[in-house]
Amino acid sequence: MLDDFMTRAALAGLAVAAAAGPLGCFVVWRRMAYFGDATAHAAILGVALSLAFSTSVFVGTTAVALAVALAVSALAGRGWAMDTTLGVLAHSALAFGLVAVSFVPGVRVDIGAYLFGDILAVGRGDLAVIGGGAALVVGMLAWRWSALLTATLSEDLAHASGLNPGRERLVLTVALAAVVAVALKVIGALLIAAMLIVPAAAARNFARTPEAMAALAVAAGVVAVLGGLRASLTWDTPAGPSIIAVAACVFAASLPLGALRRRRRRG
Amino acid sequence: MSLIEAEGLGKSFGGRRVLRDVDFAVEPGEIVTIVGPNGSGKSVLLRLLLGILRPDTGKVNRKPGLRVGYVPQKLHIDAGLPMPVRRFLSLPTRRRREEIAPALARVGVPGVAEQQMATLSGGQFQRVLLARALLARPEILVLDEATQGLDQPGEAAFYRLLEQVRAELGCAVLMVSHDLHVVMAASDRVICLNGHICCEGTPQVVAEAPEYRRLFGPGTQGALALYRHDHDHDHDKDHPAPLRREENEDIM
């Protein structure tokens, strides 16, 4: 069954949707959208370094994404305006990555595959890493769920309950780096942040609890992945952008539906 | 043993010294109110005592395993985060339905469990925060300007509720207020803070202290006891006579 490239692509996409759903909710709740962008863009620099040192792309992207995410967290604590810090880091990481890739000798790199994803080329080995990484993220978020939610509501409240908000922030940072590495081949660096935010935003219009929102975000992600792959196959469009386009349509549809639902509840 | 004890606390932000030489302790069952003008370091002191901030000098000792019920000054819940009251009360520790309903009833907002936090009024919101703090069965209840944003009757009602709850639970209460008109008359101790502890004592002693008058002006004399409800305890005679709102406004 795994011999079929479409099956592998679908499974990889579903794994990414499962991890991106709950993590994307935290990105929305904590207003970390730009943070996600910076981390994702840094992945290109990770690709260049992995190629230069002939290591696994997963290892390289995870390492660089984590480094950039930690750098952002550190700088944020030093009185810089967050959007300025992120603006500098997100775009410099992308620029340096693209420049660095052009220096990699010998190999002709199809940078488009990393920028926009190459989900149809997911091999068995890739699938194992993507599935494992996604499972790790989902497990980590499930384990820390209550603490993460409390720290998201208020760091003071978390402190007073004996939690350490700094640790919870670190959990999210690590999860973000892992999702970026896992989603790079599926969605591509430019649109990973969209895969986090758009399904979560669509879910917001229907969810009454944080847990429902996370579950609905996964569902929206699943619809986006399956629909996007289908569209990609039918019209021969690039898979990553097609997935995000479907996610955007789900979000657009959620607006009137959500409003209708709220009105009915009131009336 | 004291619940929280601090010695020689000092804290600076960006070169500005906000607190210096603060010695402080809260004993079990005690009601302590910290008053001070804006920028006097009240909130910083509270955050140091809770361990949210680290002191530059001195140290804070909390009783090991101390159960703290914390009511923050305000809580902003992002519009993107759906949060029904029931779920909020279960953060971070899960609470059963049988615990949640009485907790909400006790603070006077029964039946809001299924409502979204964002749809609550200011007064309901503060009461839910208090309910959450009470669910931890606290040994000490810590309130940071908990009545900010409430109108005068709302504020008085909140303090009345607080006194009731404290009488039932017997926990210590530590609160911070910049609103000098409404300091709970039931306070065992009022601490007047302005970067350091200016004076402390019973509400009456502090209201009459020259340091306090210098900070807040003589106009507020006695106003410290504005919020009082009719006790029939015999320790009543220790408190200054209650001042009515109308009289108070004439003085202002």
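Letters A, B, ... mirror the listed sequences (proteins, then strands); counts begin at 1.
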Report task. Measure distances from B:A79 to the heavy atoms of chain A and classify the residue's part below 4.5 Å as side chain, backbone, both or neither. Result -> backbone
Requested in this report: To the nearest 0.5 Å, tell me how far B:R87 CZ sits from A:L153 CG.
Outcome: 9.5 Å
Query - Check: B:G80 main-chain N/O paired with A:R204 side-chain donor or acceptor under 3.5 Å - result: yes
Query - Heavy-atom proximity to chain B below 4.5 Å, by part of A:E211 - result: side chain
Report summary line: Turns out that what part of A:L148 lies under 4.5 Å from chain B's heavy atoms comes down to neither
**Report entry** Greater than 12 external heavy atoms within 6.0 Å of A:R167's CZ
**Finding:** yes
Requested in this report: Pick whichever of B:L91, B:T93, B:L81, B:D78 has the most heavy-atom pairs under 4.5 Å with chain A.
Outcome: B:L81
Query raised in the report: Looking only at side chains, do A:S161 and B:R67 share a donor and an acceptor under 3.5 Å apart?
Result: no
Query raised in the report: Can B:I52 and A:E155 be said to form a side-chain contact (heavy atoms from CB on, under 4.5 Å), step by step?
Result: CA-CA 9 Å; B:I52 297 171; A:E155 301 217 330; over 6 Å; no
Requested in this report: May I ask you to test the B:P84-A:T209 pair for a side-chain heavy-atom distance under 4.5 Å?
Outcome: yes
Report task. Output the distance between atom CG (B:L129) and atom CG (A:L157), rounded to the nearest 0.5 Å. Result -> 7.5 Å
**Report entry** Atom of A:P210, atom of B:M83 and distance for their closest heavy-atom approach
**Finding:** CG-CE, 3.7 Å
Report task. Calculate, to the nearest 0.5 Å, the distance between atoms OG and CG belonging to B:S43 and A:D156 respectively. Result -> 9.0 Å
Query raised in the report: Does any heavy atom of chain A fall under 4.5 Å from the side chain of B:R132, the backbone, both, or neither of them?
Result: side chain
Query raised in the report: Given that the side chain runs from C-beta out, which part of A:R31 has a heavy atom under 4.5 Å from chain B: side chain, backbone, both or neither?
Result: side chain
**Report entry** Residue pair A:M213 / B:P82, side-chain heavy-atom distance below 4.5 Å
**Finding:** yes
Report summary line: The reported gap from OG in A:S146 to CZ in B:R94 (rounded to nearest 0.5 angstrom) is 6.5 Å
Requested in this report: Count the heavy atoms of every other residue, nucleotide or ligand shown that sit under 6.0 Å from CD of B:E99, and state whether that count exceeds 12.
Outcome: yes
